[in-house]
Trainee: 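Please read through the structure below; I'll follow up with questions.
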Amino acid sequence: MKIIVAIKQVPVRDSVLQVDASGKWIRESELSFEVNEPDAYALEEALQLKERYGGEVIALCAGPARVSQAIREALAKGADRAIHVESDDLGAADSLGIARLLASAIRSEQPDLVLTGLQSDDLGYGQTGVIMAELLGFPHSTIIMQVEAAGSSVRVKRELENGWFQWMELPLPAVLTIQSGISKLRYATLMGIKKARTKEVKRLSAAELGGLAAPVLSVEKVYLPQKTKETQMLDGTPAEAAAALVEKLRFEARVL
Amino acid sequence: MARFAGVDYLLIDSLFSEEELLVRQTARQFVDERVIPLVRDCYRDGRFPEELIPEMAGLGFLGANLEDYGCAGMNNVQYGLIMQELERGDSGLRSFVSVQGALVMYPILTYGSEQQKQTWLPKLQAGEAIGCFGLTEPGFGSNPGGMTTKATRAGDCWVLNGEKTWITNGSQAHIAVVWARTDEGIRGFLVEKGTAGYSTADIHGKLSMRASVTSSLSFQDCRIPLDNMLPGAKGLKAALSCLTQARYGIGWGVIGAAMDCYETARRYSLTRKQFDGRPIASHQLVQEKLAWMITEITKAQLLALHVGRLKDGGKAEAAHVSMLKRNNVAIALDCARLSRDLLGANGIMDEYPLMRHLCNLETVKTYEGTDHIHALVIGERVTGVAAYK
């Protein structure tokens, strides 16, 4: 089975975030980055499928030079080779633009299966995987917890709400978006890290993949959660305080 | 599970390669996920976490900076970062890995015969065999040249007599690298567990390094094959060359213990409130201690990194490693004490790692060349005059 795993590099969880000068994104220069957690589970699932059924795992990652760290980690954990879609402008792109680049890189590989995380930890749109499937013309299924190969199709277990699950079958090739926490992530062993040195990383520019389309969706403003809690003490007799409270509820809070 | 975010005041991470950071990430995750959840109980119970050996071996931590025979062949900075993270967990665990790699695998690789290498290195790398290093004796610690353990030729055997003590991994070890006096000077030998005349006894009553095994080794007419001598290890300098390897790892390891102490105290100072409901982090005396610690940790990181780069370039000398070991252990110990102080009464509880690191670091200050002896190595290097006697 030839599996492509699309991974994204995101700021490390628990980072202290600061809004950048444009007010539309966070300041990236002082941040450390890591593999988006749901994508790490997608990679783990791909590696386990390869161990069970054989085949090849290709890591696919779009972004600036720094994402080579995420690619190296995927190779060290056991991906056979990687594709780096090089672009410094993805911050301004939307899910459709990125999905177009990824789909274009995937198409020529003719994979059996494309896996990615169900969403990213930074933006959390949950769109890239499903749009990519649409562009490729592949069937897709989301929030996947288990994958079993069944000849020319796959059986997958989807997470529904309230602790319910759904098993379904999709013909290959297909796109699956993987849920976090479905297995135990492997470590990059030192031997794996050493092996990664010699694995192939194909570099493609956005231009080679048809260019990055102007976004149809854009971020207007990024801001830290505002603390709005404010306590006022109302003095006077109970009757006076009640009257002042009613006035405030009516004219300030406008809930009466 | 809490994830350690690292301590990096001076953007030192920018001096590491992508691969070095990835190695550190593996070690860091392993320590967060596998070591820290169990180490407090291990320390309390005086138990070495043997169950971690296969995992550490699988990750490549044993003999990580050695080449061939299954070893990972990492550079010395990558090796140092692994030591740092392991000792952030516990000095005892780092000691285990130090001894296995630097004091057992290194001498076999450097001074052993091809047959000794093929017999032992793959097993030691895989954690299927554990090793220990017997140099110190009850009467000879800082002055190992005075050792009284003897090896005498008797037909097709060497016969060993004597006693070694303060041996990390001693009773666990399948193979001991033992240094003994012969007619041709001090030589190194491989002694297998179970050899007649070879016995071990654990040292009890330690208030430090409780998650590590420390033993005495006894040799009474212990006969080993002639082939068990390390052919290349001639003289005390061979034994000391192993210690230089191990001390290098210690110089990195203790930074991890210092980071854990500093970070624990920093976080505590932000949540602990005293006087007008203000966090103690807002008090000047508390800030002074935090400022001292982060400054010293940063200097220790730069010292370790520089010696690591020198070592990779084949330019690190034993006297360089002495400065690294002496300085970094001393500041780590001070960080542990200051952090304990900042946590007040809570600092003495094993709910926090401070007393454990503090007690461990008292051992680390002494073993592998005491603070005093390393001062004399540095003193000799700058004056040309040896002042050991």
Side-chain angles (χ1 to χ4, degrees), chain A residues 7 9-17 27-37 40-41 43-44 47 51 59 61 63-79 82 84 121 180-181 183-199 201 203, chain B residues 1-14 16-35 52 54-75 78-79 81-82 85 97 101 122 125-126 263 267 270:
Chain A
I7 58 178
Q9 195 189 41
V10 296
V12 167
R13 261 181 299 162
D14 310 327
S15 295
V16 179
L17 302 177
R27 225 154 70 191
E28 292 195 344
S29 55
E30 289 149 33
L31 291 176
S32 297
F33 290 83
E34 63 184 359
V35 172
N36 177 45
E37 189 178 81
Y41 284 95
L43 174 67
E44 180 61 40
L47 294 171
E51 280 160 7
C61 186
R66 64 168 156 78
V67 308
S68 63
Q69 179 78 8
I71 289 173
R72 186 183 291 271
E73 183 178 336
L75 294 173
K77 285 185 169 183
H84 179 177
D121 286 341
S180 261
S183 55
K184 188 176 179 304
L185 297 178
R186 71 192 62 198
Y187 298 107
T189 67
L190 303 191
M191 291 74 164
I193 290 170
K194 197 174 171 185
K195 241 186 239 167
R197 289 177 194 164
T198 54
K199 289 182 177 175
V201 180
R203 292 186 174 78
Chain B
M1 174 203 44
R3 293 204 311 177
F4 178 62
V7 173
D8 185 12
Y9 183 83
L10 214 55
L11 308 183
I12 292 172
D13 277 7
S14 64
F16 296 124
S17 72
E18 209 173 72
E19 195 181 85
E20 286 161 356
L21 291 173
L22 186 52
V23 167
R24 185 182 68 185
Q25 177 183 309
T26 291
R28 185 166 283 179
Q29 286 176 352
F30 172 76
V31 169
D32 284 345
E33 293 169 7
R34 303 289 295 121
V35 179
L52 297 179
E55 281 183 80
M56 292 196 294
L59 290 171
F61 290 174
L62 306 181
N65 59 341
L66 306 178
E67 293 284 351
D68 303 325
Y69 302 96
C71 300
M74 294 286 110
N75 72 26
Q78 290 166 327
Y79 172 76
L81 289 167
I82 296 166
E85 293 304 317
V97 175
Q125 194 288 320
E263 192 51 25
R267 267 185 282 119
L270 288 166

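Side chains are part of it too, since the values below use all heavy atoms of this structure and drop only hydrogens, waters and symmetry mates. Here the structure is a predicted model, which is why all the values come from computation and not from measurement.
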Trainee: If I measure from the heavy atoms of chain A, does B/L11 come under 4.5 Å with its side chain, its backbone, both, or neither?
Mentor: neither
Trainee: Tell me the closest heavy-atom pair linking B/L22 and A/Q69, and the distance in Å.
Mentor: N-NE2, 3.8 Å
Trainee: Supply the atom-to-atom distance A/E34 CD to B/R3 CZ, rounded to the nearest 0.5 angstrom.
Mentor: 4.5 Å
Trainee: Under 4.5 Å from any heavy atom of chain B, what part of A/S15 do you find: side chain, backbone, both or neither?
Mentor: neither
Trainee: With no hydrogens and no angle check, just 3.5 Å: does a side-chain donor-acceptor pair link B/Q25 and A/E73?
Mentor: yes
Trainee: Heavy atom to heavy atom, less than 4.5 Å: which residues from residues 185-195 of chain A reach chain B?
Mentor: A/Y187, A/A188, A/T189, A/L190, A/M191, A/I193, A/K194
Trainee: Identify which of B/V23, B/L59, B/D13 forms the greatest number of heavy-atom pairs closer than 4.5 Å to chain A.
Mentor: B/L59
Trainee: Report the distance from atom CG of B/L21 to atom OG of A/S32, rounding to the nearest 0.5 Å.
Mentor: 8.5 Å
Trainee: Taking side chain as everything from C-beta outward and backbone as N, CA, C, O, which of these in A/R197 sits under 4.5 Å from a heavy atom of chain B? Side chain, backbone, both or neither.
Mentor: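 A/R197 touches chain B through side-chain heavy atoms alone.
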